[in-house]
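Bear in mind that the values here come from a model prediction, so they are computed numbers and not experimental data. Indexing begins at 1, ligand by ligand and atom by atom, following the structure's order.
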Amino acid sequence: MKGQAENEGEGSEGVNLEELKNKMAEFAEERDWDQFHTPRNLLLALVGEVGELSEIFQWKGEVPRGLPDWEEKEKQHLGEELSDVLLYLVRLSDICGIDLGKAALRKLELNSIKYPASLCKGSSKKLALLNKSTTTTSTNNNFYISSDNENGATDGGE
Ligand SMILES: Nc1ccn([C@H]2C[C@H](O)[C@@H](COP(=O)(O)OP(=O)(O)OP(=O)(O)O)O2)c(=O)n1
């Protein structure tokens with residue numbers, strides 16, 4: 001989705017998942033595209049957009065937070081691809097009957113239980129300790145904890 005949008009510059013305050021879900025449903029309904037918005041099609045579309053998002057970063061190497069050296073045009077393009085991913089994710093969740101907001105809040109809770117700040121914060125020694133203690137109690141959450149990342153752990157599981 002490139003180029004000038006009608007509501008460009010409009011404030012984003014108050015945008016919520018419910019609103020995005022309804023707008024996507026309306027968008028599909030108006031075009032009689034419900035027939036194409038099947039779970040599999042939406043998943044493939046989502047993955048395709050993740051690919052387009054990746055292309056923006058491809059070959060750039062690591063880039064600093066906030067992307068200070070990027071041109072506005074490039075940042076706008078990034079916003080468009082991020083939005084495509086979000087919109088397809090919202091639509092996929094809706095079509096699958098998943099309340100994405102509720103599911104995400106629950107997952108955040110699970111994450112905080114799985115990665116207690118008191119254990120994750122700090123040295124790699126503590127991360128290794130967490131790895132050891134959680135893998136013995138966790139049955140279906142296979143994950144690894146990067147020893148060189150002081151910010152936390154990477155979920156390689158579900
Ligand atoms: N069957 C479709 C096709 C598009 N869209 C919406 C959701 C996305 O936000 C956007 C995707 O549009 P494009 O497939 O045209 O993808 P891009 O905007 O990324 O364009 P391009 O692939 O040409 O860069 O439009 C949709 O809901 N259902």
Side-chain angles (χ1 to χ4, degrees), residues 1-117 120-121 134 138 140-158:
M1 218 182 258
K2 298 182 188 77
Q4 296 292 311
E6 248 176 48
N7 58 355
E8 196 175 27
E10 215 175 71
S12 61
E13 302 86 36
V15 173
N16 59 51
L17 292 177
E18 192 67 15
E19 185 182 347
L20 296 179
K21 182 187 94 173
N22 292 337
K23 280 184 184 289
M24 276 301 278
E26 205 180 307
F27 177 86
E29 171 81 32
E30 281 172 353
R31 288 159 184 78
D32 193 20
W33 282 3
D34 263 333
Q35 56 183 314
F36 308 121
H37 282 192
T38 58
R40 184 175 172 276
N41 281 351
L42 287 166
L43 174 61
L44 292 176
L46 170 62
V47 172
E49 296 299 342
V50 171
E52 289 186 33
L53 177 60
S54 306
E55 273 182 25
I56 297 178
F57 290 90
Q58 203 172 8
W59 312 126
K60 278 191 164 67
E62 191 51 278
V63 292
R65 287 177 181 218
L67 316 176
D69 305 326
W70 289 33
E71 289 175 12
E72 264 323 296
K73 216 175 136 205
E74 243 180 331
K75 282 193 177 185
Q76 190 181 52
H77 182 206
L78 175 60
E80 289 165 1
E81 299 305 346
L82 285 166
S83 301
D84 285 337
V85 170
L86 173 65
L87 293 172
Y88 275 133
L89 181 67
V90 164
R91 183 68 172 152
L92 175 61
S93 305
D94 184 25
I95 290 300
C96 291
I98 300 294
D99 183 333
L100 187 59
K102 196 173 157 191
L105 286 175
R106 179 175 173 270
K107 190 61 173 72
L108 280 168
E109 277 291 315
L110 291 173
N111 292 349
S112 64
I113 293 165
K114 185 172 167 185
Y115 301 108
C120 289
K121 214 169 172 178
T134 48
S138 174
N140 64 351
N141 283 341
N142 298 316
F143 60 92
Y144 76 92
I145 295 158
S146 168
S147 58
D148 57 4
N149 180 358
E150 295 293 310
N151 289 328
T154 304
D155 188 349
E158 61 184 60

query = Under 4.0 Å from any heavy atom of F27, which atoms of ligand 1 are there?
reply = 5 (N), 6 (C), 26 (C), 27 (O)
message = Quick check on contacts: which atoms of ligand 1 are under 4.0 angstrom from a heavy atom of L87?
response = 9 (O)
inquiry  = Tell me whether ligand 1 is touched by M24 - counting only heavy atoms on the residue side and a distance under 4.0 Å.
reply    = yes
Part of E49 within contact of ligand 1 (heavy atoms, under 4.0 Å) = side chain
task = With heavy atoms only and a cut-off of under 4.0 Å, state how H37 meets ligand 1: side chain, backbone, both or neither.
result = side chain
inquiry  = Pairs of nitrogen or oxygen atoms closer than 3.5 Å, one from W33 and one from ligand 1: do any exist?
reply    = no
Heavy-atom check, side chain of [X] versus side chain of [Y], under 4.5 Å:
{"X": "L78", "Y": "E74", "result": "no"}
{"X": "L87", "Y": "R91", "result": "no"}
{"X": "D84", "Y": "E81", "result": "yes"}
{"X": "E26", "Y": "E30", "result": "yes"}

key: With D99 via salt bridge (charged side-chain N to carboxylate O under 4.0 Å, His left out) - residues at least two apart   = none
message = My understanding is that we take every heavy atom of each candidate and find the minimum distance to atom 19 (O) of ligand 1. Doing that for R91, E55, E52, which one comes out nearest?
response = E52
request  = Determine, stepwise, if the pair L89 / L42 fulfils side-chain contact (heavy atoms from CB on, under 4.5 Å).
outcome  = CA-CA 8 Å; L89 181 67; L42 287 166; over 6 Å; no
